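Predicted model, so just to flag it, every value in this text is computed and none were measured.
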Amino acid sequence: MDNNIIIKTDSLFKQYGEGETKVMALDNVNMEIRRGEFVAVTGESGSGKTTLLNVIGSLDTPNSGKVYFNGDEMTRKSDNELSTYRRRSIGFIFQSYNLIPVLNVEENIVLPLNLDSTEPDMAYLNELLELTGLTSKRRSYPSELSGGQQQRVAFARALIHKPELILADEPTGNLDSRNSREIIEILKSSIRKYAQTLILITHDLSIAAQADRIFRMQDGILTESEGTLK
């Protein structure tokens with residue numbers, strides 16, 4: 001396998017339900033993502049976008065098919081190995097911020113490191129706080145932050161362990177247009193600065209247009225757009 005390919009999926013199938021209630025969330029999905037790319041996945045609600053992201057991130061398992069990360073087949077790993085993969089190699093960003101109300105900004109950001117019994121790199125933490133514009137809010141609690149600020153905390157938390165891959169599921173879905181633009185600019189700045197790969201799900205075509213490549217999901221079938229929307 002090409003050493004520049006960070007994610008490869010091979011004939012992924014995922015079905016929910018049976019008979020009349022059957023939903024084919026992934027229907028023979030094949031994709032290759034190169035290291036350092038910003039890839040957008042668009043499509044209607046229920047088309048299979050989130051299922052694809054969850055399977056790539058080992059939050060869900062396919063009925064059949066394979067997922068490779070840096071050439072290593074993840075679909076044959078043990079639960080403990082997959083847990084380590086998620087903790088150390090992937091940064092997850094969701095539409096809901098999932099912050100812990102009783103922890104302040106800094107404590108929420110370093111939580112993944114605490115769960116992995118790892119001490120934070122304070123210089124890097126300060127760098128993330130500056131990148132996300134949260135330096136003055138490091139002792140604030142989620143209830144004291146705006147929606148945009150809470151999403152920035154979630155973003156910094158996803159980056160604190162220096163992941164190679166960022167998986168973002170509608171990260172701007174709960175934000176207004178100004179905050180959406182700012183979050184996407186932070187994401188783009190991060191993947192350039194830290195040489196990361198970003199797979200982002202979005203309904204917003206103006207956001208998708210900023211990606212290096214664009215895929216579309218429809219009824220579980222993934223296709224790559226010709227060129228980009230730029």
Test side chain to side chain contact (heavy atoms under 4.5 Å, CB included) applied to I33 and I199, step by step: CA-CA 9 Å; I33 307 298; I199 304 177; 4.1 Å; yes
With side chain to side chain contact (heavy atoms under 4.5 Å, CB included) as the test, would you mind laying out the steps for R192 and K188 before giving the verdict? CA-CA 6 Å; R192 288 193 301 267; K188 289 163 61 179; 3.7 Å; yes
Hey, mind stepping through L131 and R152 against side chain to side chain contact (heavy atoms under 4.5 Å, CB included) and telling me if it holds? CA-CA 9 Å; L131 175 70; R152 291 166 189 239; over 6 Å; no
Any donor and acceptor pair, going by atom type alone, linking the side chain of [X] with main-chain N or O of [Y] inside 3.5 Å?
X: R157; Y: L111; answer: no
X: K49; Y: M217; answer: no
X: E170; Y: T172; answer: no
X: Q151; Y: F94; answer: yes
X: N30; Y: N28; answer: yes
X: K14; Y: T61; answer: yes
X: N104; Y: E106; answer: yes
X: D10; Y: K66; answer: no
X: N54; Y: L59; answer: no

Indicate yes or no: at least one non-hydrogen side-chain atom of [X] is less than 4.5 angstrom from one of [Y].
X: L145; Y: S140; value: yes
X: T51; Y: Y16; value: yes
X: D204; Y: S180; value: no
X: E81; Y: R76; value: no
X: S190; Y: F155; value: yes
X: M24; Y: D219; value: no
X: D27; Y: F13; value: yes
X: T84; Y: N80; value: no

Distance to the ring centre below 6.0 angstrom and angle to the axis at most 45 degrees; does that hold for K77 and Y85?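 Not flagged: K77 not positioned over aromatic ring of Y85.
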Nearest heavy-atom pair of [X] and [Y]: which atoms, and what distance?
X: Q149; Y: E144; value: OE1-O, 4.5 Å
X: A168; Y: L198; value: CB-CD1, 4.1 Å
X: S89; Y: P163; value: O-CB, 3.5 Å
X: L113; Y: P120; value: CD1-CA, 3.5 Å
X: I109; Y: A156; value: CD1-CB, 3.7 Å
X: L200; Y: P171; value: CD1-CG, 3.8 Å

Worked check of side chain to side chain contact (heavy atoms under 4.5 Å, CB included) between I191 and L187: CA-CA 6 Å; I191 61 177; L187 276 169; 5.7 Å; no
With rounding to the nearest 0.5 Å, note down the distance linking [atom1] in [X] to [atom2] in [Y].
X: R87; Y: T118; atom1: CZ; atom2: OG1; result: 8.0 Å
X: Q196; Y: I90; atom1: CD; atom2: CD1; result: 12.5 Å
X: E127; Y: K193; atom1: CD; atom2: NZ; result: 4.0 Å
X: L99; Y: Q150; atom1: CG; atom2: CD; result: 5.5 Å
X: T135; Y: L128; atom1: OG1; atom2: CG; result: 10.0 Å
X: L205; Y: I214; atom1: CG; atom2: CD1; result: 8.0 Å

Same cluster for [X] and [Y] if Ile/Leu/Val/Met/Phe/Trp/Tyr side chains link at under 4.5 Å?
X: I6; Y: L12; value: yes
X: Y141; Y: Y97; value: no
X: I7; Y: Y194; value: no
X: V67; Y: V39; value: yes
X: V105; Y: I186; value: yes

Indicate yes or no: does [X] engage [Y] in a salt bridge with an N to O separation below 4.0 Å.
X: R35; Y: E164; answer: yes
X: D212; Y: R34; answer: no
X: E182; Y: R178; answer: yes

Short side-chain donor-acceptor distance under 3.5 Å, E44 and S47: no
